[in-house]
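Note on naming: letters A, B, ... go to the chains in the order of the sequence lines (proteins, then strands), and numbering restarts at 1 for each one. Hydrogens, waters and symmetry mates are skipped; everything else that's a heavy atom, side chains included, is used.
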Amino acid sequence: MEKVQSVRGTYDLFGDAKRKMKKVIATGESVVEKYGFEEIETPIFEFTEVFARNLGDTSDIVTKEMYCFEDKGGESLTLRPEGTAGVVRAFVANGMQQNLPVKFYYHGPMFRYERPQKGRQRQFTQFGVELLGVETPQADIEVIAMAYEFLQKLGLSGQITVEINSLGDAESRDTYREKLVAYLTQHIDELSEDSKNRLTRNPLRILDSKEDCDKTVIANAPRYADSLNENSRQFFAAVLKGLDLLDIKYRVNDRLVRGLDYYSHTVFELTTDKLGAQGTVLAGGRYNGLVAQMGGGDVAGIGWACGVERLSMLLQEDTALPRPIAVIPVGEDTQETALQIAHQLRLAGFSVEQSYSGNMKKRLMKANKVNAAQAVILGSDEVATNTATLKDLDSGEQKTVALADLIKELQA
RNA sequence: GCGGAUGUAGCUCAGUUGGUUAGAGCGCUGGUUUGUGGUACCAGAUGUCGAGAGUUCGAGUCCCUUCAUCCGCCCCA
């Protein structure tokens, strides 16, 4: 075995990094369940078309980032690059239109063949929510509020900016696209090479280009808001009003367009400046056409997903494990008693570390290393009198207690 | 996919214009007498110097290739 390293862009997760990710997911679950969301688990791979057809032929995810493979039956399959398409597919496949609204959350690995950087892996974890069957702005408000509360509970709201925009309905989007393309075509010589390409492929993306020459052109570009029709305008206003009512701070960014084709109306991103170029930590939007596109009828949808690794990298403090109780036998003839006591304490709900070898000094050192709060010391003297020495490892104080009272003492 | 930087013990890093047995701190192991840790002191182990080829009497140091990480672009969570 020569290649012991993990494949590019993948990581072994353990220790503090793993604990932080668990904390992010557990926090997300507890928040989202209060809003009535239930967990769904869909397969980690799907027929390639599920992603190819629905994310948009022009998106980079589809054109160059998917892990596609053929199985032994000759089917083209793809490791999921994002969560929404799979959940919507499951929604349609299981006929869930009968019982709207449907609220799901999920978490698990996603795969994208990209160049790795900090906060960007080829296998990464997303936690996301999907709310299907609600057309009113109330859904947008609730879903954003949920995202906001989630980051608040993680202690991150202070370093996060909420950016929001509206792409409007299909009509508004088409109107704007035409206007924008017309404008940009006049200035095509001033655009960067990348943007010249995007002009035919995905012109909206030019709006958030980081190239200076693009920025100058964009500064005078037609504004998205001016292309929104009355319906779209009212919808967006209602969403913003709701956020105001809930005291959620946001910034309207009319350059914000999302990468995937299925978005309409509200789109939003929660970003930080602490992760370099990978500042987007949670993002989502409304996707009213997606269910119909998969043959599930006219059902509205909205959702978001967050990068669990990115969020956990923002968590400052090390996540502490619960402090165990160390059970320490002294001498050979006390081992069996120690085994029994450790077992009883565990049955009583305590977290117990048995040191497996060494003299008393060694075992106390190990107790210290696992951050034990108390040590139950069992020597032949103690065993002979049915007692144990209970030592507080913070203060160093110790006392003799009867074995019968041990659990009561530890609970105090 | 494009541009740039980096790669030396478990971790963070030092290593002088190429010159003999490659270093530090932290961590780890053992000890400072037999049943008392977290502090202190003493001792010890650990590296195919990312991998491969090359130049040279001699390469951790120079050239090339490759792999990986980091930064930026693209894109995105």
Side-chain angles (χ1 to χ4, degrees), chain A residues 2-11 15 24 55-56 58-66 80-84 107-128 147 192-195 197-198 201-202 205-206 208-212 214 257-260 268-272 275-284 303-314 326 328-331 334 355 358-375 377-383 389-398:
Chain A
E2 291 210 345
K3 295 178 114 179
V4 290
Q5 65 186 192
S6 63
V7 334
R8 181 174 215 192
T10 66
Y11 301 87
V24 169
L55 307 192
T58 57
S59 70
D60 277 41
I61 289 185
V62 170
T63 54
K64 56 182 203 194
E65 293 176 1
M66 295 204 305
R80 62 184 183 192
E82 58 98 55
T84 301
H107 57 87
M110 306 294 162
F111 304 84
R112 259 124 91 159
Y113 189 85
E114 290 186 280
R115 186 114 180 205
Q117 278 179 45
K118 186 199 275 302
R120 173 194 288 173
Q121 298 88 318
R122 288 183 171 181
Q123 176 179 337
F124 62 104
T125 311
Q126 282 192 340
F127 177 93
S192 65
E193 281 310 307
D194 280 334
S195 290
N197 283 325
R198 283 185 288 218
R201 219 181 67 223
N202 198 350
R205 297 293 315 175
I206 300 176
D208 61 7
S209 167
K210 281 158 198 157
E211 296 280 348
D212 285 338
D214 292 339
V257 287
R258 311 263 320 123
L260 306 176
F268 53 93
E269 280 185 12
L270 277 60
T271 58
T272 175
L275 292 176
Q278 278 68 245
T280 302
V281 116
L282 182 152
W304 50 254
C306 68
V308 177
E309 285 87 353
R310 287 186 186 179
L311 282 174
S312 58
M313 280 188 286
L314 295 174
I328 299 179
V330 183
T334 60
S355 39
N359 57 22
M360 182 171 182
K361 179 179 174 137
K362 276 275 142 41
R363 291 180 194 238
L364 272 169
M365 283 168 82
K366 282 174 191 165
N368 223 61
K369 204 168 296 180
V370 297
N371 195 27
Q374 313 240 58
I377 298 167
L378 295 159
S380 36
D381 296 349
E382 284 90 342
V383 171
T389 298
L390 185 57
K391 182 178 177 91
D392 183 313
L393 290 170
D394 291 328
S395 66
E397 288 167 20
Q398 59 186 55

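Nucleotides B:rG23 and B:rG60 are separated by 12 Å at their C1' atoms, to the nearest Å. Rounded to a whole angstrom, the distance from the C1' atom of B:rU21 to that of B:rG58 is 16 Å. Going from the C1' atom of B:rA24 to that of B:rU17 covers 24 Å, rounded to whole Å. Separation of the C1' atoms belonging to B:rU46 and B:rG1 is 41 Å when rounded to the nearest angstrom. Between B:rG25 and B:rU65, the two C1' atoms lie 35 Å apart (nearest whole Å). With P as the reference atom, B:rA22 and B:rA45 are 14 Å apart, rounded to whole Å.
In this structure B:rC28 sits in a base pair with B:rG44, meeting the Watson-Crick or G-U test at under 3.5 Å. Under the Watson-Crick or G-U wobble criterion, with both distances below 3.5 Å, B:rU34 is left unpaired in every strand shown. Nucleotide B:rC64 has B:rG52 as its partner under the Watson-Crick or G-U criteria, with both atom distances under 3.5 Å. Here B:rG3 sits opposite B:rC71 as a Watson-Crick or G-U wobble pair (both hydrogen-bonding atom distances under 3.5 Å). With both pairing distances under 3.5 Å, B:rA14 is matched to nothing as a Watson-Crick or G-U wobble pair. In a base pair of the Watson-Crick type (N1 to N3 plus N6-O4 or O6-N4) or a G-U wobble (N1-O2 and O6-N3), with each distance short of 3.5 Å, B:rU39 is matched with no nucleotide. Under the Watson-Crick and G-U wobble criteria, each requiring two contacts below 3.5 Å, nucleotide B:rC57 is paired to B:rG19. Base pairing of B:rC76 is not made with any nucleotide, judged by Watson-Crick or G-U wobble geometry with both donor-acceptor distances under 3.5 Å.
With rounding to whole Å, A:Tyr11 atom OH is found 18 Å from B:rA77 atom P. Rounded to whole Å, atom P of B:rA77 lies 14 Å from atom CD of A:Gln121. Distance CG (A:Asn368) to C1' (B:rA40): 15 Å, rounded to an integer number of Å. Regarding A:Arg122, its CZ atom lies at a distance of 12 Å from the P atom of B:rC70, rounded to whole Å. Between the C1' atom of B:rG31 and the CG atom of A:Asn359 lies a distance of 11 Å, rounded to the nearest Å. We find that CD of A:Glu397 is positioned 15 Å from C1' of B:rG37, with the value rounded to whole Å. Straight-line distance from the CD1 atom of A:Ile377 to the C1' atom of B:rG37: 9 Å, rounded to whole Å. Between A:Asn371 atom CG and B:rG37 atom P the separation is 18 Å, expressed in whole Å.
Using a 4.0 Å cut-off between a side-chain N of Lys or Arg and a carboxylate O of Asp or Glu, A:Glu269 and A:Arg258 qualify as a salt bridge.
Not a single donor-acceptor contact under 3.5 angstrom links the side-chain atoms of A:Lys361 to the base of B:rU36. Within 3.5 Å, a donor on the side chain of A:Glu382 pairs with an acceptor on the base of B:rG35, or the reverse.
The shortest distance between the side-chain N/O atoms of A:Lys369 and the OP1/OP2 oxygens of B:rG27 is not below 4.0 Å. In this structure, A:Arg205 does not reach the B:rC74 phosphate: none of its side-chain N or O atoms is under 4.0 Å from OP1 or OP2. Within the 4.0 Å cut-off from OP1 or OP2 of B:rG31, at least one side-chain nitrogen or oxygen of A:Lys362 is found. When the side-chain nitrogen and oxygen atoms of A:Gln117 are compared with OP1 and OP2 of B:rG72, one or more of them lie within a distance under 4.0 Å. In terms of phosphate contacts, A:Arg363 brings no side-chain nitrogen or oxygen within less than 4.0 Å of OP1 or OP2 of B:rU36.
Taking only side-chain atoms of A:Thr389, from C-beta outward, the nucleotide of B:rG4, B:rG37, B:rG35 with the closest atom is B:rG35. Residue A:Leu364 places its side chain closer to B:rG37 than to any other of B:rC70, B:rG37, B:rC74. Among the nucleotides B:rG72, B:rA77, B:rG35, the one closest to the side chain of A:Ala277 is B:rG72. In this structure, the nucleotide among B:rA77, B:rC70, B:rG35 sitting nearest to the side chain of A:Arg258 is B:rA77. Distance from the side chain of A:Gln5 is smallest to B:rA68 among B:rA68, B:rG35, B:rC70. Taking every side-chain heavy atom of A:Arg115 into account, B:rG1 is the closest of B:rG35, B:rG1, B:rC76. Which of B:rA68, B:rC74, B:rC70 sits closest to the side chain of A:Lys118 comes down to B:rC70. Minimum atom distance to the side chain of A:Arg112 is reached by B:rC76, of the listed B:rG37, B:rA68, B:rC76. When each of B:rU69, B:rG37, B:rC74 is scored by its nearest atom to the side-chain atoms of A:Leu393, the top-ranked nucleotide is B:rG37.
Checked by atom type and distance alone, the side chain of A:Arg112 pairs as donor or acceptor with a backbone atom of A:Pro81 at under 3.5 Å. Judged purely by atom type and a 3.5 angstrom limit, A:Arg363 uses its side chain to pair as donor or acceptor with the backbone of A:Gly358. Panel note: side chain A:Arg205, backbone A:Ser195; no donor-acceptor pair is recorded below 3.5 Å. Side-chain atoms of A:Glu82 do not come within 3.5 Å of backbone N or O of A:Met110 as any donor-acceptor pair. Formation of a donor-acceptor pair under 3.5 Å by the A:Glu114 side chain with backbone atoms of A:Glu65 is not found in this model. A:Arg310 contributes a side-chain N or O that, together with a main-chain N or O of A:Thr280, makes up a donor-acceptor pair within less than 3.5 Å.
No hydrogens or angles considered: a donor-acceptor pair under 3.5 Å links the side chains of A:Thr389 and A:Glu382.
Among the heavy atoms of the strands, none lies under 4.0 Å from A:Gly128. Base contact: A:Arg310 has a heavy atom under 4.0 Å from a base atom. Contact annotation for A:Glu309: no contact, since no heavy-atom pair falls under 4.0 Å across all strands. Using a 4.0 Å heavy-atom criterion, one finds that A:Asp381 contacts the bases of the nucleic acid, with or without backbone contacts as well. Heavy atoms of A:Gly119 sit under 4.0 angstrom from at least one base atom. No contact: A:Gly358 has no heavy atom under 4.0 Å from any strand. Counting any heavy atom pair closer than 4.0 Å across all strands shown, A:Leu311 reaches no nucleic acid atom. Among the heavy atoms of the strands lying under 4.0 Å from A:Ala283 are primed sugar atoms or P, OP1, OP2 only; no base atom is included. Among the heavy atoms of the strands lying under 4.0 Å from A:Met360 is at least one base atom, whether or not backbone atoms are also near.
Toward the 5' end of RNA chain B, the nearer of the two residues A:Glu65 and A:Val7, judged by each one's closest nucleotide, is A:Val7.
Side-chain atoms of A:Phe127 and A:Leu282, non-hydrogen and from C-beta on, never get closer than 4.5 Å to each other. Looking at A:Thr84 and A:Leu55, their side chains never come closer than 4.5 Å, going by heavy atoms from C-beta outward.
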